[in-house]
Amino acid sequence: MIRVNQVRVRPGHSEGDLRKKAAEVLKIPDRDIIEIRIVRQSVDARKKPDIFYSYVLELKIRNEEKLLKRFKGKESQVCRADEVNYRFPESGGSVRSYPVVIVGMGPAGLFCGYFLALHGYRPILLERGKCVEDRQKDVEQFWENGILNPFSNVQFGEGGAGAFSDGKLNTLLKDKDGRNGVVLDTLVKFGAKENIRYEAKPHIGTDVLCEVVRNMRREIIRLGGEVRFNSQVTEVRISNNKVEGVVIGGTEYLPCEQLVLAIGHSARDTFAMLYDKKVPMEAKAFAVGLRVEHPQTMINKSQYDCEEPGNLGAAPYKVTAKAKNGRGVYSFCMCPGGFVVNASSESGHTTVNGMSYSGRDGGNANSAVVVTVTPDDFGSTHPLAGIAFQRKLEEKAFAIGKGKIPMQRYGDFRRRVLGQKGDISNGDNENRHNENGNNKDTFLPQCKGMYVWADVSGILPGECNMAIVDGMEEFKKQIKGFDRPDACVSGVESRTSSPVRILRNENLQSAVQGLYPCGEGAGYAGGIVSAAMDGLRVAEAIAMEYAK
């Protein structure tokens with residue numbers, strides 16, 4: 001197989017067009033191409049509106065060696081394809097008295113459980129929330145009536161926090177061992193579309209991701225694993241610095257020798273329990289900010305020079321800047337054609353997230369605009385100080401919004417942050433005036449959950465608010481209109497990643513023997529794919545322990 005880079009074809013092309021273009025690049029007849037595989041597809045919009053798809057392809061062709069010699073010195077365009085063959089450790093070896101127990105059924109727990117079950121280990125998966133079908137009902141009811149189920153919501157339940165997001169699958173992790181490819185192949189096997197294997201910014205969509213999660217769970221059970229919902233682990237029993245079991249719901253004891261903690265970034269009560277058990281952990285940096293909404297047509301125009309991009313789909317973006325006070329500010333979890341969602345998991349607290357369905361066909365684009373915060377901002381060196389910091393912000397958001405998502409127009413937010421005069425406008429007024437006093441058409445927020453117009457500038461610390469305003473001023477240079485006065489800002493975005501890291505060694509175990517911190521909640525991942533890859537790594541580590 002050979003790899004060919006930068007094969008450029010216009011959107012809406014056929015497979016035959018792609019084959020013909022690849023042959024043209026290689027200067028061979030297209031009949032010499034025996035097999036073609038897309039490795040990567042990205043959008044080249046550098047000379048918009050003249051837009052292309054740029055492909056990396058792997059091809060099986062006649063006379064490969066001869067062709068490679070002809071392109072010697074031009075390996076940046078044509079080279080031999082590197083094959084990465086993933087291998088899970090061989091089964092066998094020692095026999096354990098009890099099955100592996102996995103706590104949490106987000107991407108890390110699901111992938112750890114699936115690969116252990118696939119290789120005969122029959123794990124037990126414990127999830128404090130409900131199965132994804134019932135969880136969807138609880139979430140929809142919360143968005144409709146505001147009554148929160150603390151055990152079944154956007155954060156807790158089968159699929160984890162990522163189940164109610166855009167289902168973004170990009171990761172910055174190196175993949176020399178092939179785990180990224182295995183994760184994507186597994187998602188396709190259970191219902192995701194084939195194109196997630198090669199798109200530069202792949203996504204599944206909340207609607208499809210929930211189906212994929214359900215199919216994975218069913219296969220784990222078919223392979224001999226056990227899945228238990230409504231089963232919160234309230235205690236980890238430790239003896240002689242070794243795991244000996246867990247307590248479920250305060251009463252039921254389940255013995256185990258190997259315990260995977262794939263608990264997610266919002267399992268605050270579990271972090272507190274582990275701290276009391278003296279499991280080593282530390283506070284870590286994360287980011288906080290606000291959701292910002294714009295009309296999707298505005299983003300399309302900026303990125304693709306057209307409001308309706310057709311086959312290209314709703315345009316994404318990524319923006320970064322450095323504020324005048326030195327803080328980094330950037331977009332996070334950008335959702336084209338998406339919704340702002342109430343993602344709360346504790347009574348009296350409000351936090352928001354972004355979500356898109358697979359079609360990404362909503363009228364607004366949204367992303368979090370966030371600022372990095374570190375333990376220096378938390379006011380304490382305690383390992384759980386970041387959680388306390390999050391809670392204070394979420395309590396403010398709840399109070400300001402009176403239990404609903406607090407929403408504000410950016411022009412009003414900016415004036416408040418800069419200390420300028422002006423009342424909070426009625427954001428639903430479609431004949432608002434812009435800052436120059438001219439009549440201006442505007443747009444409405446797109447939310448899952450009730451919202452209320454309020455003073456969002458009262459949520460975050462002043463330094464963070466100033467960093468966001470500085471960032472918006474820089475972002476308008478990258479995307480025209482990003483700082484438009486009628487952009488909608490809502491808060492608070494506080495669950496970008498875990499505020500805690502549960503320490504582990506090179507064997508992926510805690511100092512407590514048999515305890516495997518895993519995934520985003522434990523501080524070792526930052527999204528669906530990286531969490532799934534970490535779950536796979538932990539499954540490998542457990543298999544190697546069995547092989548000893």
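Quick note: residue numbers are just sequence positions, from 1.
Note: Ser490 OG to Asn366 CG = 7.5 Å, rounded to the nearest 0.5 Å. Of the inter-residue distances, the one linking Asp377 atom CG with Cys464 atom SG reads 6.5 Å to the nearest 0.5 angstrom. Leu187 CG to Glu194 CD: the interatomic distance, rounded to the nearest 0.5 Å, is 12.0 Å. Atom OG1 of Thr270 sits about 8.5 Å away from atom CG of Leu261, to the nearest 0.5 Å. Rounding to the nearest 0.5 angstrom, the gap separating the CD atom in Glu226 from the CD1 atom in Ile102 is 12.0 Å. Note: Phe389 CZ to Thr374 OG1 = 9.0 Å, rounded to the nearest 0.5 Å.
Under a 3.5 Å cut-off, the side chain of Ser530 and the backbone N or O of Ala525 do not form any donor-acceptor pair. A donor-acceptor pair under 3.5 Å is absent between the side-chain atoms of Ser367 and the main chain of Ser331, judged by distance alone. Side-chain N or O atoms of Tyr524 include one that pairs as donor or acceptor with a backbone N or O of Ile502 at under 3.5 Å. Panel note: side chain Asp134, backbone Cys131; no donor-acceptor pair is recorded below 3.5 Å. With Asn241 contributing its side chain and Ala511 its backbone, the two residues share a donor-acceptor pair below 3.5 Å. Side chain of Thr206 to backbone of Met355: no donor-acceptor contact under 3.5 angstrom is found. The closest donor-acceptor contact from the side chain of Arg504 to the backbone of Pro517 lies under 3.5 Å. Looking at Gln390, its side chain never comes within 3.5 Å of a backbone N or O of Pro499 through a donor-acceptor pair. No side-chain donor-acceptor contact under 3.5 Å links Glu127 to the backbone of Val103.
Judged by the 6.0 Å distance and 45° axis criteria, Lys404 is not positioned over the aromatic ring of Tyr451. A cation-pi arrangement is absent between Arg40 and Tyr198, since the terminal nitrogen or guanidinium carbon is not both under 6.0 Å from the aromatic centre and inside a 45° cone about the axis. Stacking of Arg179 on the aromatic ring of Tyr86 is not recorded, the 6.0 Å distance cut-off and the 45° axial limit not both being met.
If you check the side chains of Tyr516 and Ser510, you find no donor sitting under 3.5 Å from an acceptor. Between the side chains of Asn149 and Gln141, no donor N or O sits under 3.5 Å from an acceptor N or O. A side-chain N or O of Ser266 and one of Arg495 form a donor-acceptor pair less than 3.5 Å apart. Side chains of Gln509 and Asn505: no donor on one and acceptor on the other come within 3.5 Å.
Across Val212 and Ala192, no two heavy atoms sit closer than the pair CG2-N, 3.6 Å. Between Cys335 and Ser356, the shortest heavy-atom contact is CB-OG, 3.3 Å. Heavy-atom minimum distance, Asn342 versus Gly403: ND2-O, 4.1 Å. Contact record, Cys210 with Ala163: SG-O, 4.0 Å, taken as the closest heavy-atom pair. Here the shortest heavy-atom pairing between Ile468 and Val369 reads CD1-O, 3.9 Å.
Ion pairing between Glu158 and Arg135 fails under the 4.0 Å rule for side-chain N and carboxylate O. Arg268 has a carboxylate O that lies under 4.0 Å from a charged side-chain N of Glu346, or vice versa, which qualifies the two as a salt bridge. Between Glu211 and Arg214, at least one side-chain N (NZ, or NE/NH1/NH2) sits under 4.0 Å from a carboxylate O, which counts as a salt bridge. Using a 4.0 Å cut-off between charged nitrogen and carboxylate oxygen, Glu58 and Arg80 do not count as a salt-bridge pair. In summary, Lys392 and Glu395 do not engage in a salt bridge, as defined by a charged side-chain N under 4.0 Å from a carboxylate O. Here Glu90 pairs with Arg87 in a salt bridge; the nearest charged N to carboxylate O distance falls below 4.0 Å. Contact check on Lys242 versus Glu257 returns no salt bridge, with no Lys/Arg side-chain nitrogen under 4.0 Å from an Asp/Glu carboxylate oxygen. Taking a cutoff of 4.0 Å between a charged side-chain nitrogen and a carboxylate oxygen, Asp82 and Lys176 do not qualify as a salt bridge. Salt-bridge annotation for Glu235 and Arg237: present, with a side-chain N of the basic residue lying under 4.0 Å from a carboxylate O of the acidic one.
Heavy atoms of other residues, nucleotides or ligands lying less than 6.0 angstrom from NZ of Lys277 number more than 12.
In this structure, Phe332 and Tyr330 have perpendicular ring planes: the angle between them is above 60°, well past the 30° mark.
Side-chain contact between His203 and Arg360: present, with at least one pair of heavy atoms (C-beta onward) separated by less than 4.5 Å. Side-chain contact between Met105 and Phe156 is absent, with no heavy atoms from C-beta onward closer than 4.5 Å. Inter-residue side-chain proximity for Glu493 and Asn353 is flagged as met; some heavy-atom pair is nearer than 4.5 Å. Within the 4.5 Å cutoff, the side chain of Asn145 has no heavy atoms near those of the Met450 side chain. Side-chain contact check for Arg3 versus Leu57: every heavy-atom pair is 4.5 Å or farther apart.
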Take Glu199 and Lys193 through the test salt bridge (Lys or Arg N to Asp or Glu O under 4.0 Å) and record every step on the way to the result. CA-CA 11 Å; Glu199 286 186 343; Lys193 292 182 179 179; over 6 Å; no
May I have the step-by-step check of salt bridge (Lys or Arg N to Asp or Glu O under 4.0 Å) for Glu133 and Arg217, ending in yes or no? CA-CA 12 Å; Glu133 304 97 307; Arg217 175 236 303 167; 2.6 Å; yes
Take Val370 and Val329 through the test side chain to side chain contact (heavy atoms under 4.5 Å, CB included) and record every step on the way to the result. CA-CA 6 Å; Val370 296; Val329 55; over 6 Å; no
Evaluate side chain to side chain donor-acceptor pair (under 3.5 Å) for Ser494 paired with Thr351, printing each intermediate quantity in order. CA-CA 6 Å; Ser494 54; Thr351 184; 2.9 Å; yes
Begin with the C-alpha distance, continue with both residues' side-chain angles, and end with the deciding distance and a verdict on ring pair (Phe, Tyr, Trp, His ring centres under 6.0 Å) for Tyr114 and Phe190. CA-CA 12 Å; Tyr114 170 66; Phe190 290 110; 5.3 Å; yes
For the pair Asp207 and Ser358, evaluate side chain to side chain donor-acceptor pair (under 3.5 Å) and give the outcome as yes or no after the intermediate values. CA-CA 6 Å; Asp207 45 344; Ser358 57; 3.0 Å; yes
Assess whether salt bridge (Lys or Arg N to Asp or Glu O under 4.0 Å) is satisfied between Glu540 and Arg537, documenting all intermediate values. CA-CA 5 Å; Glu540 294 164 10; Arg537 289 185 66 209; 5.8 Å; no
Step by step, work out the side chain to side chain donor-acceptor pair (under 3.5 Å) result for Asp269 and Gln232. CA-CA 10 Å; Asp269 47 5; Gln232 181 184 4; 2.8 Å; yes
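Put simply, the residue from Val352, Ile405, Ile459, Thr350 that forms a side chain to side chain contact (heavy atoms under 4.5 Å, CB included) with Val492 is Ile459.
Taking the six-membered ring wherever Trp is involved, the centroid distance between the rings of Phe88 and His119 falls below 6.0 Å. Checked against the 6.0 Å centroid criterion, the rings of Tyr275 and His382 qualify as a close aromatic pair. For an aromatic pair to be called close, the ring centres must be under 6.0 Å apart, and Phe286 with Phe378 satisfies this.
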